[in-house]
Novice: 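Here it is, the structure in full.
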Amino acid sequence: MRSLREGQPGLPSLAGMQIERVTLRWPRHIATPSPAVFRRRIGGRTICDVRRRGKYLVFPLDRGTLLIHLKMSGDLRLAPAASPPDRFDRTVLHLRQGWELRFSDARKFGKLYLLDDPSLVLSRLGPEPLERAFTHRTLARRLARHRRQLKPALLDQSVIAGLGNIYTDEALHRSGLHPLRSTDSLTDGEIRSLWRGIRAALRNGLRYDGASIDWVYRGGDFQNHFRVYQRTGEACPACGTPIARMVVGQRGTHFCPTCQPEQSS
DNA sequence: AGCGTCACCCGGACGC
DNA sequence: TGCGTCCGGGTGACGC
């Protein structure tokens, strides 16, 4: 995604570019409508802007909206049409002016949506945790609606948008909260701490351009700054206790047993 | 409503 | 070397 960032030297802005046609090497990339209809409709439309909502990339078009979800191994690159393709390029939007928007996706989990009304997908999402409107009171209100384990609640995109497995573990460590705490057991102080932890973890990820995990290199450096994620057995950066791992809601979960006690105080 | 489980993917890591 | 198996990310579907 770094190559899409506005102002990258040598790269034009996507806004204003017209899509001539699409190459679908993995038709199941297209979530909706059918690949055939997607192919027919996308041609001739113009990208007006580039935005983000939760984990979705949002491309408002002159007619309708294109949403892209990268899932775990997806990457978007804006490249000259003549440049060599990536081995895992699955979907390619051929743009005017000799550019291509290439969706590389080794594990084929990503999705594209072409929608008249993007709220069909986006309206299910909770608030953006980095926006000013998201205060600790917002967080308290969202969590109080449920009585469930804290970590699955944070991963639920309808509670808060944008937190994945890495950021959830990092945020919980920063806030000193055990992943299995119940959402309705948190004190005001703990909610505040969690609010700070979520925002700090996300900002840190942004600072380092996100993370690259496994062998799927995506440009970021955040993996070298994880406090607990995939650091099982290593010393907690805060207290030195070995980082523990457990499975919560089918997800690998990393935490410090000392900084994040199961019982509050 | 919340929770568990499975499916979707694939290439790297690991064990034999 | 060549197998087999496990792993993990986010989400939706399904059953309880």
Novice: According to a 4.5 Å side-chain heavy-atom criterion applied to Ile, Leu, Val, Met, Phe, Trp and Tyr, with indirect links allowed, do Ile160(A) and Tyr229(A) form part of one hydrophobic cluster?
Specialist: yes
Novice: Rounded to the nearest 0.5 Å, what's the gap from NE2 on His254(A) to CG on Leu172(A)? Could you check?
Specialist: 12.5 Å
Novice: In terms of side-chain geometry, is the basic nitrogen of Asp169(A) or Lys151(A) positioned less than 4.0 Å from the acidic oxygen of its partner?
Specialist: yes
Novice: Return no unless some side-chain N or O of Lys55(A) is found under 4.0 Å from OP1 or OP2 of dT11(C).
Specialist: yes
Novice: Which sits closer to the 5' end of DNA chain B, Arg90(A) or Arg251(A), going by the nucleotide each is nearest to?
Specialist: Arg251(A)
Novice: If you check the Lys71(A) side chain, which of dC10(B), dT11(C), dG2(B) turns out closest?
Specialist: dT11(C)
Novice: Between N or O atoms, less than 3.5 Å apart, protein on one side and nucleotides 13-16 of chain C on the other: list the pairs.
Specialist:
none

Novice: How is Gln157(A) classified with respect to the nucleic acid when contacts are heavy atoms under 4.0 Å: base, sugar-phosphate, or nothing?
Specialist: sugar-phosphate
Novice: Can you tell me which nucleotide in dG12(C), dG11(B), dG4(B) comes closest to the side chain of Tyr56(A)?
Specialist: dG12(C)
Novice: With Ile68(A), which of Tyr56(A), Tyr113(A), Phe103(A) fulfils side chain to side chain contact (heavy atoms under 4.5 Å, CB included)?
Specialist: Phe103(A)
Novice: So, Arg102(A) and Ser83(A): side-chain donor and acceptor under 3.5 Å apart, yes or no?
Specialist: yes
Novice: Using a strict heavy-atom distance below 4.0 Å, which residues from residues 115-130 of chain A are in contact with DNA chain B?
Specialist: none
Novice: So what is the end-to-end bend of the helix from dG2(B)-dC16(C) to dC16(B)-dG2(C), with 5 pairs used at each end and the value given to 10 degrees?
Specialist: 50°
Novice: For Lys111(A), report the nucleic acid contact type (base, sugar-phosphate, nothing); a contact means any heavy atom under 4.0 Å.
Specialist: nothing
Novice: Need to verify one output field. Residue with the more 5' nearest nucleotide on DNA chain B, Gln250(A) or Arg28(A)?
Specialist: Gln250(A)
Novice: Using only heavy-atom distances, determine whether the side chains of Thr91(A) and His29(A) contain a donor-acceptor pair under 3.5 Å.
Specialist: yes
Novice: How long is the straight-line distance from CG of Leu70(A) back to CG of Leu57(A), given to the nearest 0.5 Å?
Specialist: 5.0 Å
Novice: Measuring from Ser158(A):OG to Arg124(A):CZ, what's the distance to the nearest 0.5 Å?
Specialist: 9.0 Å
Novice: Looking only at N and O atoms, is any donor in the side chain of Arg147(A) or the base of dG2(B) less than 3.5 Å from an acceptor on the other one?
Specialist: no
Novice: For the CG atom of Asn165(A) and the CG atom of Leu155(A), what is their distance to the nearest 0.5 Å?
Specialist: 6.0 Å
